[in-house]
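Here is the structure we will look at.
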Amino acid sequence: MRLLSRLGLALAAWLFAQGAAMADTTVKWLHIEANPAQVKIWEQVARAYEASHPGVKIEMQFLENEAYKAKLPTILQSKDRPNIIYSWAGGVLKAQIEADVLDDITDQVKGYSDTLTPAALAAFSRDGRVYGLPTALSQVGFLYNKELMAKANVDPASIKTWDDLLAAVKTLKAAGVTPIVVGGADKWPLHFYWTHLAVRIGGKPAFDTALRGENGGFAGETFQKSGELFKQLVDLQPFQNGFLGFKNPQAVGYFGDGKAAMTLAISTVYHLQRALAADKVGLGEDKIGWFDFPVVPGGKGAPSDTLGGITGWLVTKGSPKEAVDFLKFFVSKDVQTRLAGGNYIIPVVKGAEAGLNNAFMKRIAENLAKSNYHQNFYDQSLGPSVGRVVNDVTAEIAGGSMSPQDAAKAIEAAWKQGN
């Protein structure tokens, strides 16, 4: 009897333990952030949430940018998929909504969503429904090495037009300085040139017209000219040797190592170059500068128009309610102010921009605030299939294997096929 009693108590204890274990909730959070200093803050926020929510575990998972893009469609079909995933919004988000792999979180963020910048929240909404929360804004422009520019006697403040940029490249080359570093193997860093030229040449009307298939669509004059001007730059051989073999992290590290005068990049590279530099120090604030993408004389785009991203987080289908609750905790004024204070992000929560204390980041925030047209990256905005073609043909122009005209026609053909 005593043995049976002991067995009964042991069974009861085991069942209680199993019940407790089953009550625990794990929220799997998949990200692509390569800057360890920023990830450290994220981890601290996750642990703080766990401490105030007993029984909830936030499990952080990392994938490198390109691996993430390549594997995400398969990951989203898995029964063991993560609950929170990184997103650039745009057409890729639209495709994910249509594939029914995301949760509609509209009701769960009612009230809270009023704390967010409306334009940022709109990027993660479709037909009045919310599918994710934005976390940061960014701008694409030229980061430059002050010492190398001075060595070649190039004044970055004088680079206002596309011809000014071409002249600066020639001067840098003559001085024995590599003008620009780019991660050509990943292709999307090259598409910044073609896309930004389209923004400068045609402005928002040209993009909207192309979406409607009017005036030749993406094979129209604006987009052919974008390729032609990009080829002007390519013909000067401005990039580092072997640029088509460089992955983006390698290129960012190359810039941080002081081996090139400029890089056309997302504003977050200001910090990332330090983490990816060989010495993990990179270029300090006194050695790094920024200038906006140059204008194209006669272009219809405004000089204040910007290219960049509105990034954030999505919740996958069937995730526990704690996933959204954690996101609200993570994308809060306190956390956003802290990240802004570290100059890691341009925040999307109203009032958090007060945390910015760095002249570089304040400048980016001001640029975005005065921009009436902020174009999301084409490779995200146009959806995965068309975006892939944009990146491919831009890399082919850079490599000399495709004409600007054929590149524009290939993008238009891909857009027509998918729409």
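Heads up: numbering here begins at 1 and tracks the sequence. Note that these values count all heavy atoms, side chains included, but never hydrogens, waters or copies made by symmetry. Source: prediction; values computed, not measured.
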Taking [X] for its side chain and [Y] for its backbone only, find out whether a donor-acceptor pair lies under 3.5 Å.
X      : Y      : value
Asp208 : Pro205 : no
Asn367 : Lys370 : no
Ser52  : Ala48  : yes
Ser371 : Tyr373 : yes
Asp127 : Arg129 : no
Asn215 : Gly220 : no
Gln336 : Thr135 : yes
Gln224 : Ala219 : yes
Thr106 : Val130 : yes
Glu59  : Lys28  : no

State yes or no: are the ring centers of [X] and [Y] separated by less than 6.0 Å?
X      : Y      : result
Tyr144 : Trp290 : no
Phe62  : Tyr68  : no
His53  : Tyr49  : yes
Trp42  : Phe330 : yes

Over all atoms of both residues, closest heavy-atom pair of [X] and [Y]:
X      : Y      : value
Val386 : Ala414 : CG2-O, 3.7 Å
Glu50  : Ile58  : OE2-N, 2.8 Å
Arg200 : Pro294 : NE-O, 3.3 Å
Ala352 : Ala340 : O-CB, 3.7 Å
Pro179 : Val169 : CG-O, 3.7 Å
Tyr378 : Phe207 : OH-CD1, 3.3 Å

Counting neighbours of [atom1] on [X] that are heavy atoms of other residues, nucleotides or ligands and sit closer than 6.0 Å, is the number greater than 12?
X      : atom1 : answer
Lys328 : NZ    : yes
Glu214 : CD    : yes
Asp286 : CG    : yes
Lys350 : NZ    : yes
Asn153 : CG    : no
Lys170 : NZ    : no
Gln61  : CD    : yes

Return the [atom1] to [atom2] distance between [X] and [Y], rounded to the nearest 0.5 Å.
X      : Y      : atom1 : atom2 : value
Arg363 : Ser267 : CZ    : OG    : 11.5 Å
Leu314 : Tyr131 : CG    : OH    : 11.0 Å
Leu190 : Asn391 : CG    : CG    : 8.5 Å
Lys146 : Leu148 : NZ    : CG    : 13.0 Å
Leu133 : Ser113 : CG    : OG    : 8.5 Å

Electrostatic pair [X]:[Y] at N-O distance under 4.0 angstrom:
X      : Y      : answer
Lys321 : Asp325 : no
Arg47  : Glu43  : no
Asp100 : Lys317 : yes
Glu66  : Lys69  : yes
Lys187 : Asp392 : yes
Asp235 : Lys231 : yes

Side chains of [X] and [Y]: closer than 4.5 Å at any heavy-atom pair?
X      : Y      : value
Val331 : Val349 : yes
Pro134 : Thr117 : no
Ile266 : Phe377 : yes
Thr394 : Phe230 : yes
Val315 : Gln108 : no
Leu116 : Phe124 : no
Glu228 : Gln405 : yes
Ile201 : Trp162 : no

- Determine, stepwise, if the pair Leu165 / Gln232 fulfils side chain to side chain contact (heavy atoms under 4.5 Å, CB included). CA-CA 11 Å; Leu165 177 66; Gln232 288 182 353; over 6 Å; no
So, [X] versus [Y]: side-chain donor-acceptor pair below 3.5 Å or not?
X      : Y      : result
Ser319 : Asn83  : yes
Asn248 : Asp186 : no
Asp334 : Ser332 : no
Thr161 : Asp164 : yes

**Study point:** CA sep, side-chain torsions, deciding dist, call: Glu98, Lys94, salt bridge (charged side-chain N to carboxylate O under 4.0 Å, His left out)
**Key:** CA-CA 6 Å; Glu98 291 171 351; Lys94 179 175 179 287; 2.8 Å; yes
Kindly indicate, with the supporting measurements, whether the criterion side chain to side chain contact (heavy atoms under 4.5 Å, CB included) is fulfilled by Leu211 and Leu382. CA-CA 9 Å; Leu211 292 178; Leu382 297 177; 3.8 Å; yes
Check your understanding: Going through the checks in order, is the side chain to side chain contact (heavy atoms under 4.5 Å, CB included) test met by Asp305 and Gln375?
Key -> CA-CA 8 Å; Asp305 289 346; Gln375 174 59 55; over 6 Å; no
(request) Report the C-alpha distance between Thr316 and Leu76 in whole Å, list the side-chain angles of each, state the deciding distance to 0.1 Å, and finish with yes or no for side chain to side chain contact (heavy atoms under 4.5 Å, CB included). (result) CA-CA 8 Å; Thr316 61; Leu76 290 175; 3.7 Å; yes
Ring pair (Phe, Tyr, Trp, His ring centres under 6.0 Å) with Phe142: of Phe192, Phe255, Tyr270, Phe291, only one passes, and it is Phe291
